Amino acid sequence: MDFDPSAFRFVTIIDDDDTGKGAGWQEAKAKLNFKRLTVPHEIKSWFCAFTIGMPLRTEIYGPIDADRAASISEEITEEVANRMDYHLPQGIFCSRFIDQTRATFKSKYKRLGATVTNP
């Protein structure tokens with residue numbers, strides 16, 4: 001899969017107060033399109049909706065503006081999408097996609113504190 005960072009429009013939920021080692025919070029409500037080609041030539045298409053949240057600033061990763069948050073989100077969701085089973089029923093697919101995206105954020109960006117939730 002090849003998602004675009006524009007699919008992740010992060011908005012500030014809590015401003016960074018410039019105190020402490022990290023602060024602020026931002027979220028993007030995403031609705032990604034998935035497709036599967038079946039024989040003979042039918043294309044099945046569905047959407048998975050979810051929300052990604054992450055801090056505006058952390059001690060380890062420094063400032064994370066909306067563009068950087070979108071790029072990180074694109075990277076993670078593409079990685080997960082490329083290893084998903086596209087023959088799963090759509091509801092199960094989306095549930096597993098969200099679970100795997102959450103797990104991949106935690107393993108690849110340790111201590112970032114990103115969240116992935118149902119909309």
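These figures come from a predicted structure and were not determined experimentally.
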Interatomic distance, CG@D67 vs CZ@R9, rounded to 0.5 Å, equals 10.5 Å
Would you call D99-R102 a salt bridge at under 4.0 Å N-O? yes
Decide whether I60 and I76 are clustered together by the hydrophobic rule: side chain heavy atoms of Ile, Leu, Val, Met, Phe, Trp, Tyr closer than 4.5 Å, transitively. yes
Using side-chain heavy atoms (C-beta onward) and a distance below 4.5 Å, is I64 in contact with Q26? yes
Look only at the side chain of S95 and the backbone of G91, and say whether a donor-acceptor pair between them is shorter than 3.5 Å. no
Pairwise salt bridge (Lys or Arg N to Asp or Glu O under 4.0 Å) hits with a residue in residues 78-88, at least two apart: E79-R83, E79-K108
Is any side-chain heavy atom of I98 closer than 4.5 Å to one of N118? yes
Does one hydrophobic cluster hold both F105 and I13, with members joined at side-chain heavy-atom distances below 4.5 Å? no
Between D15 and D17, is there a donor-acceptor pair closer than 3.5 Å when you use the side chain of the first and the backbone of the second? no
Y86 side-chain N/O to A81 backbone N/O, donor-acceptor pair under 3.5 Å: yes
Find the distance between CD1 (I43) and NZ (K35) and round it off to the nearest 0.5 Å. 6.5 Å
Separation between CZ (R68) and CG (L56), nearest 0.5 Å, reads 12.0 Å
So, R57 side chain and G20 main chain: donor-acceptor pair closer than 3.5 Å or not? yes
Could you walk me through whether N82 and M1 pass the side chain to side chain contact (heavy atoms under 4.5 Å, CB included) test, one step at a time? CA-CA 6 Å; N82 287 328; M1 293 299 300; 4.2 Å; yes
For R36 and K44, indicate whether the former's side chain and the latter's backbone hold a donor-acceptor pair under 3.5 Å. no
Taking all heavy atoms of A70 and all of P5, pick out the closest pair and write down the distance. CB-O, 3.5 Å
Do the side chains of M54 and F10 get nearer than 4.5 Å, heavy atoms only? yes
Evaluate the side-chain proximity of F50 to C94: yes if any heavy-atom separation is below 4.5 Å, no if none is. no
Determine the interplanar angle of the Y109 and Y61 rings, folded into 0 to 90°, and report it as parallel if under 30°, tilted if 30 to 60°, perpendicular if over 60°. tilted
Quick one: does V80's side chain get under 4.5 Å of F97's, heavy atoms only? yes
For the residue pair D4 and S6, what are the closest heavy atoms and their distance? OD1-OG, 2.7 Å
When clusters are formed by joining ILVMFWY residues with side-chain heavy atoms under 4.5 Å apart, either directly or through shared neighbours, do V116 and I92 land in the same one? yes
So, do R96 and L88 sit near enough that their side-chain heavy atoms are less than 4.5 Å apart? yes
Using modelled atom types only, decide if a donor and an acceptor are shared between the side chain of T77 and the backbone of E74 within a distance under 3.5 Å. yes
So, does N33 use its side chain to make a donor-acceptor pair with the main chain of S45 at under 3.5 Å? no
Please step through side chain to side chain contact (heavy atoms under 4.5 Å, CB included) for the pair T58 and L112, ending with a clear verdict. CA-CA 7 Å; T58 72; L112 173 62; 4.2 Å; yes
Min side-chain heavy-atom separation F8-L32 under 4.5 Å: yes
Mind checking whether W46 and F34 have parallel, tilted or perpendicular rings, split at 30° and 60°? parallel
